[in-house]
Every structure is written in C-alpha cells, then in structure tokens.
Amino acid sequence: MHVPVAIIGAGPSGSLLAWILRQRGIESIVFENRSQAYVEGRIRAGVMEKNAVDLMIHAGIGDRLQKECMYQRGVEVGINNSHHFIDFEKLIGVGVTVYGQSEVTKDLLGALSNAGHNVLYETPVTGVSDHLGEEVTITYEEGGVEKTMTADFVVGADGYHGASRKSLPAGGIKMHENSYPLGWLGIMVKAPQSKPVAFFTYHDRGFALLSMRTPEVQRMYLQVSNDENLDEWSDDRIWDELDTRMGTEGWSLTRGEIFQKDLAPLRSFFCEEQRYGRLFLAGDAAHIVPPTGAKGLNSAFADVSVLSAGLIQHYTRNDSSILDQYSRLAVERNVQTQRFSWANTAKYHVFPGSNSFERRMQQAELEYLVTDEIAQTSYAKQHTGLPFAYWPEL
Ligand code: APR
Ligand code: PHB
C-alpha cells in the first residue's frame, strides 16, 4: 500500500497536520501508538499564542476554542512576595489565550474521527527506512502483526520518545540536549480563579506558577527537584508551599479540591535540522522546551503551519519551494523559542547550589523587568510568540 503522506503520532502536531491536509484533499494516514482516549486525556500546558489560535480558526476547527477559551491580557510577576502586572495588551496589543491542550486534542481527533479519517490507534510505528530513496517505507505493528507501507513523505510527529528520530542514521541530524536539576510538581484544582492572569513567581524557596484552565479549574506548579517523590507531597504541604512562595499582604490563593498531581522533569532538546530526505520532523519529535513560558504546543503549531503550507503547495501546484525551506524556517524559529524557554527558566528558578550573589542578580533582573517598559515590551513579544513563516492556503 502507498499513501502520499504518512504521519506518525496523533498528538497536536500529527492530528492538526492530518486535518489541514484533509481540507485540501491531500490523503494521509496517521499511526498512533496509544488509544484515542489516552491521547485526549493527556494533561499538558494550556496557553496558546494568537497565531496558534488563528491557525485553528483558519483550519475551521476553532469553534469550541473561541467559545470556551479564556483571554489574558498579560502576566503577573512575583519577586519574593511582591506582585507586579505586565500588560502585554497595552504594550504590544496582543495577549495570550488559555485553552487546555487536551481540549485541542479532543477537537482535532473528534473532527478526524467524524470525517472518517484514517487514524490507526494502538498501532505503533517500529521503523522508517529508505529516507533518501524514491519513496519512504514505514514499518508498523497492527494487532501484533508487522506490516509495511510506502509513502511519498513521512512526518515524524511522534514526540520526544517516538520512532521517527530513532530511524535516522548516526550523525544524520545534529542534536542538542540539556537537562536541569529541576522539576515541576503540577496540580489541577477545582476552585475559582485567584487572579485574572497567570502569575509567575520567583521566591528564595523556588519558582511557583499559578495558571488556569477554565473559570472553575485552576492549574498550579511548584519548582521541586528532578527526582522528587510525589508521595511526600500531601495536599496541605502543597498549599502551604504555594502560599509561602506566592502570598502577599492582602492576597492569598483560593484553595480547592486537588484532583490531579503530577511531576515533570525539565529538559531542553532540539534538532539542528527538521528534514532528512523524505522524513520531516515536527513538534516534540524535533524539540522539547522546559515548560516555563508554555511554548511546546505553540512551537508544534508553528512547524505544522509551514509544513502543511509546503505539502499543499507541493501537491496542488507542483511547487516544492516552501517544503524545501521547511527545515531552515522551522529551526530558525525553534532555536529562538529554545532560547526564550531556557532564559525564562533561568530567570525564575532557584538553581541548587547557587550562591547569594547569583540569586540577588536574578531578583535584580526581575526588578528591572517589572520597572522598565522596553524590557517589558521585549518580554511581551517573546511570551506572545514569534510569527509563523508560512500559513497553509485553505
Ligand atoms: N508510533 C506511533 N505513535 C507514536 C509512536 C510510535 N512509535 N511514538 C509515539 N507516538 C505517539 C504518542 O503516543 C503521542 O500521542 O506520538 C504522539 C506524539 O504526541 P505529543 O508527544 O503530544 O507531541 P506533539 O504532537 O508534537 O505535540 C507537542 O505536546 O508534548 C506536548 O508540550 C508538548 O505541547 C507540546 C505538544
Ligand atoms: C499551564 O497553564 O499549564 C502553563 C501556563 C504557563 C506556563 C506553563 C504552563 O508558562
């Protein structure tokens, strides 16, 4: 069997790409290791840049997003319990949108399923070969049986642990990686909002973040070590630590029922190229950022915007000029997002072993940020996101 485009992974990258190509009648098949329910239930960040929102709308999949999303005009910054608002909307005319990534996935997978799109769940890809040949071969396991298929192109949208990157020959693509001695303990809480915007706080005991999902569901995080034991964190201990890091005269967090707790280590990783012959890498398969700044989903959508534009141009106009620029354009944007996510992590977290000079300089940098309009404008531009180089013609 041969398909024009084989997509590995039905996360946000793979499902959005399949949906967009479908709008222009370009056939694709999606292989997904897990079940639809599992992919839809995965809790990830929930902040979308304006361009990511606009791409969903442009692709005709933004109705529920537009109805249910929450708009935030800026962020609040805490420096050892003093609070400062940075008004992105006033500075640059754009804020950010809150809409959980699991909602994005539900919209996309639901639409693909209603349209009868070929998404093979619980069907892991085990290998990709002939990247440089006339057609690429995909090996996958369906119902315990190994099968193969060929395609004009294969898109590795299979996340950090996927099979597509592993299929590359040694040295095929240069990669960079950095781990941090840090983790985030995240909670989902049934409670009303404590603030109208996300609140990023530096505290001598470590970073904390107050974010939200809906008016009734809040998301909060605490910096912990990267080998933390979740069992040692009772609800009371979490609330007390959040209060210590975030509270201030006249303001405290509104508590509620904690219905989920999770831990995530912080990591940076990226590929210097996002194409190898007939294999294109998109989203987490090509880059992982630490979560400070919530760039994961947004970078994935930026990749998909350019890649879908390139594939549409290739199939409808017999012109490969965008496709040929995909890797360069994607990496140029992603390396800047890596820089922002790394710098934003360094700004707010207390690194183990840091001395008092280093911690005081971190505070001084934040003090500069909250008092200088040019610094805030630059921060606002980075937070709200870089442009997408190409948009799919739909
Ligand atoms: N075969 C088929 N599917 C696979 C394989 C495989 N060998 N390996 C992994 N997958 C699937 C995973 O089960 C997952 O559903 O690929 C999908 C990859 O999805 P994500 O990890 O969500 O990555 P992506 O779609 O690029 O989305 C990026 O998700 O990880 C967050 O923060 C990140 O917000 C960002 C977004
Ligand atoms: C989230 O809501 O999960 C979130 C918000 C902002 C971030 C990271 C995560 O920077």
Side-chain angles (χ1 to χ4, degrees), residues 6-18 29-49 52 70 72 75-76 96-102 104-105 108-109 119-128 138-142 154-167 184 186-189 197-200 207-214 217-221 262 264 266-267 269 274 281-304 307 337 340-341 344-345 347-348 383:
I7 300 173
I8 315 175
S13 305
S15 55
L16 179 63
L17 180 65
I29 186 163
V30 184
F31 297 92
E32 170 55 54
N33 201 3
R34 317 299 294 240
S35 68
Q36 182 169 350
Y38 181 92
V39 178
E40 290 180 354
R42 230 171 1 213
I43 300 209
R44 298 265 173 78
V47 180
M48 295 178 77
E49 296 171 0
M70 294 163 79
Q72 301 191 338
V75 292
E76 243 182 84
V96 292
T97 295
V98 170
Y99 189 65
Q101 184 175 313
S102 48
V104 171
T105 324
L108 287 164
L109 296 183
V119 184
L120 304 179
Y121 290 102
E122 297 177 54
T123 307
V125 167
T126 50
V128 177
I138 299 105
T139 310
Y140 58 101
E141 233 178 72
E142 198 174 27
V154 59
V155 178
D158 47 351
Y160 181 66
H161 299 286
S164 58
R165 227 177 44 243
K166 291 185 191 134
S167 75
W184 278 19
I187 56 171
M188 296 284 278
V189 181
V197 293
F199 177 41
F200 291 76
F207 170 71
L209 170 60
L210 165 64
S211 179
M212 62 202 66
R213 286 291 176 276
T214 67
V217 175
Q218 315 309 320
R219 179 77 164 145
M220 300 169 205
Y221 301 95
D262 46 78
L266 270 55
R267 181 190 291 132
F269 161 81
Q274 291 189 210
L281 296 174
D284 274 21
H287 40 78
I288 297 279
V289 287
T292 332
K295 293 299 187 197
L297 176 70
N298 295 300
S299 312
F301 276 21
D303 287 352
V304 170
L307 185 53
T337 306
F340 172 69
S341 303
N344 209 32
T345 299
K347 214 187 262 306
Y348 288 102
H383 239 285

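As the structure lists them, so they are numbered: ligands from 1, and atoms in each ligand from 1. Only heavy atoms go into these numbers, but all of them, side chains included; no hydrogens, no water, no symmetry mates.
No side-chain donor-acceptor contact under 3.5 Å links R219 to the backbone of A45. N298 places a side-chain N or O within 3.5 Å of a backbone atom of V47 that can act as its donor or acceptor partner. Side chain of D303 to main chain of G283: a donor-acceptor pair is present (N/O by atom type, distance under 3.5 Å, no hydrogens or angles). Side chain of E40 to backbone of T105: no donor-acceptor contact under 3.5 angstrom is found.
Taking the salt bridge (charged side-chain N to carboxylate O under 4.0 Å, His left out) definition, one finds that E49 meets it with K295, R333, sequence neighbours left out.
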Does ligand 2 have any N/O atom under 3.5 Å from a protein N/O, and what are those pairs and their distances?
{"from": "ligand 2", "atom 1": "2 (O)", "to": "S211", "atom 2": "OG", "distance (Å)": "2.5"}
{"from": "ligand 2", "atom 1": "2 (O)", "to": "R213", "atom 2": "NH1", "distance (Å)": "2.8"}
{"from": "ligand 2", "atom 1": "3 (O)", "to": "R213", "atom 2": "NH2", "distance (Å)": "2.8"}
{"from": "ligand 2", "atom 1": "3 (O)", "to": "Y221", "atom 2": "OH", "distance (Å)": "2.5"}
{"from": "ligand 2", "atom 1": "10 (O)", "to": "P291", "atom 2": "O", "distance (Å)": "3.4"}
{"from": "ligand 2", "atom 1": "10 (O)", "to": "G293", "atom 2": "N", "distance (Å)": "2.7"}
{"from": "ligand 2", "atom 1": "10 (O)", "to": "A294", "atom 2": "N", "distance (Å)": "3.3"}

Contact table, ligand 1 N/O with protein N/O, distance under 3.5 Å:
{"from": "ligand 1", "atom 1": "1 (N)", "to": "V125", "atom 2": "N", "distance (Å)": "2.9"}
{"from": "ligand 1", "atom 1": "3 (N)", "to": "N33", "atom 2": "N", "distance (Å)": "3.1"}
{"from": "ligand 1", "atom 1": "7 (N)", "to": "V125", "atom 2": "O", "distance (Å)": "3.0"}
{"from": "ligand 1", "atom 1": "13 (O)", "to": "E32", "atom 2": "OE2", "distance (Å)": "2.6"}
{"from": "ligand 1", "atom 1": "15 (O)", "to": "E32", "atom 2": "OE1", "distance (Å)": "2.7"}
{"from": "ligand 1", "atom 1": "15 (O)", "to": "E32", "atom 2": "OE2", "distance (Å)": "3.1"}
{"from": "ligand 1", "atom 1": "15 (O)", "to": "R42", "atom 2": "NH1", "distance (Å)": "3.4"}
{"from": "ligand 1", "atom 1": "15 (O)", "to": "R42", "atom 2": "NH2", "distance (Å)": "2.7"}
{"from": "ligand 1", "atom 1": "22 (O)", "to": "R44", "atom 2": "NH1", "distance (Å)": "3.0"}
{"from": "ligand 1", "atom 1": "25 (O)", "to": "P12", "atom 2": "N", "distance (Å)": "3.2"}
{"from": "ligand 1", "atom 1": "25 (O)", "to": "S13", "atom 2": "N", "distance (Å)": "3.0"}
{"from": "ligand 1", "atom 1": "25 (O)", "to": "S13", "atom 2": "OG", "distance (Å)": "3.3"}
{"from": "ligand 1", "atom 1": "26 (O)", "to": "S13", "atom 2": "OG", "distance (Å)": "2.7"}
{"from": "ligand 1", "atom 1": "26 (O)", "to": "D284", "atom 2": "N", "distance (Å)": "2.9"}
{"from": "ligand 1", "atom 1": "29 (O)", "to": "R44", "atom 2": "NH1", "distance (Å)": "3.1"}
{"from": "ligand 1", "atom 1": "29 (O)", "to": "Q101", "atom 2": "NE2", "distance (Å)": "3.0"}
{"from": "ligand 1", "atom 1": "30 (O)", "to": "R44", "atom 2": "NH1", "distance (Å)": "2.6"}
{"from": "ligand 1", "atom 1": "30 (O)", "to": "D284", "atom 2": "OD2", "distance (Å)": "2.4"}
{"from": "ligand 1", "atom 1": "34 (O)", "to": "Q101", "atom 2": "OE1", "distance (Å)": "2.6"}
{"from": "ligand 1", "atom 1": "34 (O)", "to": "L297", "atom 2": "N", "distance (Å)": "2.8"}

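Closest non-hydrogen pair, G293 versus F340, comes out as CA-CE2, 4.2 Å. The two residues R42 and R44 have their closest heavy-atom pair at CD-NH2, 3.4 Å.
Ionic pairing of K166 and D158 is not present here: no N-O contact between side-chain nitrogen and carboxylate oxygen is shorter than 4.0 angstrom.
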Only pairs under 3.5 Å count here: list side-chain donor-acceptor contacts from residues 119-127, not counting sequence neighbours, and write none if there are none.
{"from": "T123", "atom 1": "OG1", "to": "Y121", "atom 2": "O", "distance (Å)": "2.8"}
{"from": "T126", "atom 1": "OG1", "to": "T139", "atom 2": "O", "distance (Å)": "3.3"}

